[in-house]
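For reference, the structure is listed below as structure tokens.
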Amino acid sequence: MADILDTKIEYLKGVGPQRAALLNAELKIFTYGDLLEHYPFRHEDRTKFYTIAEITEDLPGVQLRGCIESIELQGEGSKKRLIARLADSTGEVELVWFQGIQWIAHQLKIGIEYVVFGKPTLFGRKISIAHPEIEPYLPGYSEQQIGLIPIYHTTEKLKKHFLDSKGIARLQKHLLETIGERIEENLPPYALEKYKLLGRKEAIANLHFPKSAELLKKALARMKFEEFFFIQLRLLMQMKARKEHNPGKVFRNLSLLHDFYKHHLPFTLTDAQKRVIKEIYADMKSGRQMNRLLQGDVGSGKTIVAFIAMLIAISNGAQACLMVPTEILADQHYQHLKTFANRMGVKIGKLTGSTKTAERQQLLEELQNGSLPIVVGTHALIEDRVQFNNLGLCIIDEQHRFGVAQRAKLWEKNQAVYPHILVMTATPIPRTLAMTLYGDLDVSIIDQLPAGRKPIQTVHFYEAHRLKVFGFIKQQLAKGRQAYVVYPLIEESEKIDYKNLMDGYESICRAFPDVPVSIVHGKMRPQDKDYEMQRFAKGETKIMVATTVIEVGVNVPNATVMVIENAERFGLAQLHQLRGRVGRGAEQSYCILMTDYKLSKEAKLRIETMVRTNNGFEIADIDLRLRGPGDIEGTQQSGILDLRLADISRDQKILQAARETAQEILAQDPHLAFPEHQPTLQYLHRTSKQPQRWAHIS
Ligand code: ADP
Ligand code: MG
């Protein structure tokens, strides 16, 4: 059945070939359906006239009626502006223009009544509205204009062809008149009923031209639900298909694991670690490919879990690899895993971009002939020349830094049967984000820290307290502990940052003349970085001055102080990661956030959050709310930014409901074969543009 929504946009009343070409080029609107989904990004509340006395600054937009009392030009050159005073019986506001001054000055007349719409801001005690919409008030105005007016994105080119926001609204009106009755429901009746959702036709109509604020809210809720619902339905169906179709190597032999457990375990595992290991083993023996996300806060002990998973693979004659995003991290993991592997007499190798040729040659050979069971490495692992004899398990740490295609490549390395995949993230991801980013992965969470850990104490100090901070570090060093001092390094201001780092290093050396101090930063050669890192790890140096290169993975349990300089410049995720570098041993650890006096509202919230909580998941949630999903690593390639209406941080409840609904429906009717699910199935097919190439790995 040809769908009316697929009709070319040029056939819509008021469009024609020329404007159609512009709509194609400027807004990627090709069809009726595309236009219909070009939703307004906000509505202007023209339902009422405010009196000037009622205006407060938090109102997004106000409509006023009043007379202009004076018109005045102020300032010179680029500071020139036009100010008109508008008054009603309750007070007055300033209308300000910075552009188009001549033209506007010419239009405005003193003593005539105008309708004004704009966003109020407060300057001292004066309310002003910059670049308001203004037109003379004519009798009958309220009848023709009243309501919530949709505001659409448009472009300069379109505006020149009368397709400003109003012009687009006109097209939407025509479109709804043309197809209104033919907008079909796509949600299952069960969902509509359970969540009291508006029908699709009514929702779309009210999204463009709301009959009331209440209906606009309902329309939005319904369309957001729909958006999330179809994403979740797809993810869940992919997960199911993968489970049905991707066979996995069957690993039942646990001989090495038992040996390790009985004789070589360096500490008692937490219950959470044990539970997660069971979940992993259940996958590895199931005969289906494991695709599991392992989440755990910093210091929760993911490495030993990874090692035990590796032992399971090795006990069954397979090889295991661990891929990490940076050289430093590769080295840290290699060292950490080696302490476990050595106890077992299991061989482990490391492959990175800086592995020497001869060493690399041997390593490649051993991987190919199967004599090297474990390899840790960077993306060097996915080069074509790296061939495994029998790769049974891929562990990917910090996966959000890898491209999806890169992961797929690693996965393709194997022959007939895919290796099991375990993705580890050190940065906790808010549950709702995980649902969408990794909605087709099984998830294991280590939600418990090893016993005996004391929560890190976090405090906030200003520059003026530096001596106090140094004094505190001295006390800790006297107890035999070590300290980090971390400086931001953000690319745009690299030179200044570098100078700050060096100045900081010098002042530390001056303040601690008898203490050996290490410095590590991104401009050093990898060998030199490693060398300094090792010295600190061995306790030869007591203070580590560094940039964020030490952010991930570094493990020095004797370090108990983390000083973060210019903490206001770090994001929450980064602050939490950095803090996680301490508190790794049995001693009480401290995180000291140093900031400037001037802090933005958001910086203040970040610092307060860090001081208040150690819970990575809570921090991740706030981070998501502050930054939005677009800035969180890993979201770019996930497609969740393609959401048209929903917002993964603000609409968590809707997402939750949509996911549950999708789960419930698939549990009853896995192939959407029931008659009442046909519209849902058809919509799903119609909107699956490209096959999801990488769906089978995550
Ligand atoms: P992360 O989850 O951040 O990767 P690690 O695996 O690096 O954490 O573990 C942090 C530290 O805690 C390491 O020194 C590790 O050996 C230790 N550790 C892990 N699990 C336990 C445990 N159950 N009991 C005591 N120490 C543990
Ligand atoms: Mg780790």
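One-based numbering, in listed order, for ligands and for the atoms of each.
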*Can you sort out the partners of Tyr334 under ring pair (Phe, Tyr, Trp, His ring centres under 6.0 Å), two or more places apart, ordered by chain and number?*
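For Tyr334 there are no ring pair (Phe, Tyr, Trp, His ring centres under 6.0 Å) partners, ignoring immediate neighbours.
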Closer than 4.0 Å to some heavy atom of [X] - which atoms of ligand 1 meet that?
| X | answer |
| --- | --- |
| Gly299 | 1 (P), 2 (O), 3 (O), 8 (O), 10 (C) |
| Thr268 | 22 (C), 23 (N), 24 (N) |
| Thr303 | 4 (O), 5 (P), 6 (O), 7 (O) |
| Thr270 | 23 (N) |
| Arg584 | 3 (O), 7 (O), 10 (C) |

Counting only heavy atoms not in [X], do more than 12 sit closer than 6.0 Å to its [atom1] atom?
| X | atom1 | value |
| --- | --- | --- |
| Lys474 | NZ | yes |
| Lys240 | NZ | yes |
| Lys523 | NZ | yes |

_Any N/O pair Leu269/ligand 1 closer than 3.5 Å_ =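 Among all N and O atoms of Leu269, none is under 3.5 Å from an N or O of ligand 1.
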_Whether Gly296 lies under 4.0 Å from ligand 1, heavy atom_ =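 No, Gly296 has no heavy atom closer than 4.0 Å to ligand 1.
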*Would you please determine whether Asp297 falls within less than 4.0 Å of ligand 1 on a heavy-atom basis?*
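Right, Asp297 reaches ligand 1.
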*Would you check if Glu587 and Gln476 make a side-chain contact, meaning some heavy-atom pair closer than 4.5 Å?*
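The answer is no, as the side chains (C-beta and beyond) never meet within the 4.5 Å cut-off.
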*Any side-chain heavy atom of Ile314 sitting closer than 4.5 Å to one from Gln319?*
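Side-chain contact under 4.5 Å: no.
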*Salt bridge or not for Glu327 and Lys529, using N-O below 4.0 Å?*
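Lys529 and Glu327: not salt-bridged.
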*Which is closest to atom 12 (O) of ligand 1 by heavy-atom distance: Met424, Lys274, Arg453?*
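That would be Arg453.
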